[in-house]
Amino acid sequence: MSRIKSALEIALEKTDNIQGNAERLNQNERRQDGKRLFARFMSAMQDGQAPAEITKELKSSLKKFSGKDRPFVQEGYVEVLLSHLGLPHGSDQATQLEPIKNAAMSISSNGNLPLVFQQLEQFFEQYQQEKTQLLENLQQQFAARLRQKEQAYAQQTGQQVKLDPASDPEFQQYLQKAMAQLNEYYQQALTDMRDQLQQLLTA
């Protein structure tokens, strides 16, 4: 038969729960502080403030948090930083990557960071090249099929037309499927690189 808990034991358990909840609440608040610091850093970069000056302000802000709280502030900062690291949509991946690199190096002096960002830049360049190559290959593959469609249309209507792959539903279907496969492969590789970067920034 289990022992009946005394009133004192029950009271102590409730106190432990309250203390645990207060601690978790504080940790979450410090993570939010880290996210706000990152937002301020990126805003200052967009306003054209010098990276060295922003870094100095950031380090000054971090010093305001105790040693116990600082890891959670940094955790929130890194979480948002990593969320900004996605596959580039345009050709200016270096421009997109530079502020994130500055933000990362502002909170960590890990000597491997420059190498990781160099790898990321090469990774993004390779991604852009493969996207371009994929589009060109599909256009070449569909060239004969589009000519057949042009001839069929001319026979039916008596009018000559020049079909654009961009407006051809069949071409677009193949292109979307091929791009989705390419993005899935690169997204997985990027996730691995994000994990590597997270380890360096939270070590």
Side-chain angles (χ1 to χ4, degrees), residues 16-131 179-180 182-203:
D16 288 342
N17 287 336
I18 292 170
Q19 288 174 344
N21 289 337
E23 202 169 310
R24 282 193 294 274
L25 181 62
N26 178 66
Q27 291 171 4
N28 287 333
E29 288 176 351
R30 299 295 74 80
R31 289 188 188 97
Q32 292 301 319
D33 286 330
K35 293 176 182 181
R36 283 189 283 269
L37 283 176
F38 179 83
R40 275 165 43 195
F41 184 99
M42 295 298 282
S43 177
M45 286 286 294
Q46 291 171 354
D47 290 342
Q49 198 174 340
E53 186 180 339
I54 308 171
T55 299
K56 184 178 178 182
E57 291 176 6
L58 174 64
K59 289 181 177 178
S60 175
S61 297
L62 283 172
K63 286 179 182 177
K64 296 176 183 176
F65 297 97
S66 69
K68 177 184 174 184
D69 288 337
R70 202 169 301 162
F72 299 104
V73 176
Q74 191 158 330
E75 187 179 313
Y77 185 98
V78 171
E79 181 185 338
V80 185
L81 183 151
L82 294 174
S83 73
H84 278 68
L85 201 57
L87 294 176
H89 298 295
S91 58
D92 59 341
Q93 69 272 5
T95 305
Q96 296 173 21
L97 196 57
E98 190 64 23
I100 299 174
K101 176 183 176 182
N102 288 330
M105 296 184 71
S106 292
I107 60 162
S108 175
S109 57
N110 193 302
N112 291 320
L113 280 176
L115 177 61
V116 171
F117 277 96
Q118 184 181 354
Q119 291 172 343
L120 276 167
E121 191 171 339
Q122 293 170 351
F123 173 79
F124 287 155
E125 286 175 1
Q126 181 179 328
Y127 170 70
Q128 295 285 23
Q129 289 169 2
E130 289 209 26
K131 276 177 66 177
M179 283 293 183
L182 180 70
N183 286 338
E184 183 180 359
Y185 170 80
Y186 271 89
Q187 191 61 56
Q188 182 56 56
L190 180 59
T191 298
D192 294 340
M193 297 183 81
R194 273 206 207 102
D195 291 343
Q196 180 186 359
L197 187 57
Q198 183 176 27
Q199 289 174 8
L200 293 177
L201 291 173
T202 55

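Each residue takes its place number in the sequence, starting with 1.
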Novice: Not counting sequence neighbours, which residues clear salt bridge (charged side-chain N to carboxylate O under 4.0 Å, His left out) with Arg36? List them please.
Specialist: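 Testing Arg36 for salt bridge (charged side-chain N to carboxylate O under 4.0 Å, His left out), a comparison that skips the adjacent residues, returns Asp33.
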Novice: Restricting to salt bridge (charged side-chain N to carboxylate O under 4.0 Å, His left out), what partner residues turn up for Arg70, sequence neighbours left out?
Specialist: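 With neighbours one apart ignored, the set is empty.
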Novice: If you take all heavy atoms of Arg40 and Ser61, which pair is closest and at what distance?
Specialist: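 So the two residues come closest at NH2-OG, 3.3 Å.
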Novice: Using modelled atom types and a 3.5 Å cut-off, is there a donor and acceptor pairing between side-chain atoms of Ser60 and backbone atoms of Lys56?
Specialist: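 The answer is no, because no donor-acceptor pair under 3.5 Å joins these two groups.
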Novice: Search all heavy atoms of Pro99 against all heavy atoms of Phe41 and return the closest pair with its distance.
Specialist: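 Closest approach of Pro99 to Phe41, heavy atoms only: O-CE2, 4.0 Å.
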Novice: For the atom pair CG (Leu62) and CD (Glu57), what is the distance rounded to the nearest 0.5 Å?
Specialist: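 Leu62 atom CG to Glu57 atom CD measures 12.0 Å (nearest 0.5 Å).
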Novice: Rounded to the nearest 0.5 Å, how far apart are CG of Leu81 and CE of Met42?
Specialist: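 Reported value, rounded in 0.5 Å steps: 7.5 Å.
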Novice: Got a second to check how far Tyr185's OH is from Glu130's CD, nearest 0.5 Å?
Specialist: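 Atom-to-atom, Tyr185:OH and Glu130:CD are 7.5 Å apart.
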Novice: With rounding to the nearest 0.5 angstrom, report the CD to CD distance, Glu75 to Gln27.
Specialist: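 These two atoms lie 8.5 Å from each other.
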Novice: Find the distance between CD1 (Ile54) and CE (Met45) and round it off to the nearest 0.5 Å.
Specialist: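 The CD1 atom of Ile54 sits 5.5 Å away from the CE atom of Met45.
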Novice: Mind checking what makes salt bridge (charged side-chain N to carboxylate O under 4.0 Å, His left out) contact with Glu79, not counting sequence neighbours?
Specialist: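 Listed in chain order: Lys35.
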Novice: Supply the atom-to-atom distance Gln187 CD to Asp192 CG, rounded to the nearest 0.5 angstrom.
Specialist: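 Going from the CD atom of Gln187 to the CG atom of Asp192 covers 10.5 Å.
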Novice: Pairs under 3.5 angstrom only: tabulate donor-acceptor contacts from the side chains of residues 196-203 to other protein residues two or more places apart or in another chain.
Specialist:
residue	atom	partner	partner atom	Å
Thr202	OG1	Gln198	O	2.6

Novice: Which heavy atom in Tyr127 sits nearest to a heavy atom in Pro88, and how many Å separate them?
Specialist: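 Closest heavy-atom pair between Tyr127 and Pro88: CE2-O, 3.5 Å.
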Novice: Could you walk me through whether Gln188 and Glu184 pass the side-chain contact (heavy atoms from CB on, under 4.5 Å) test, one step at a time?
Specialist: CA-CA 6 Å; Gln188 182 56 56; Glu184 183 180 359; over 6 Å; no
Novice: Throw together a table of side-chain donor-acceptor distances under 3.5 angstrom for residues 110-120, partners on residues two or more places apart or in other chains.
Specialist:
residue	atom	partner	partner atom	Å
Asn110	OD1	Asn112	N	2.9

Novice: With no hydrogens and no angle check, do the side chains of Arg30 and Asn26 hold a donor and an acceptor under 3.5 Å apart?
Specialist: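 Their side chains do contain a donor-acceptor pair, which is all the 3.5 Å distance test asks for.
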Novice: Name all residues meeting the ring pair (Phe, Tyr, Trp, His ring centres under 6.0 Å) criterion together with Phe38; count only those two or more places apart in sequence or in a different chain, and write none if there are none.
Specialist: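 For Phe38, the residues satisfying ring pair (Phe, Tyr, Trp, His ring centres under 6.0 Å) (neighbours in sequence not counted) are Tyr77, His84.
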Novice: The test is side-chain contact (heavy atoms from CB on, under 4.5 Å); show your working for Leu58 and Leu37 and say whether it passes.
Specialist: CA-CA 7 Å; Leu58 174 64; Leu37 283 176; 4.0 Å; yes
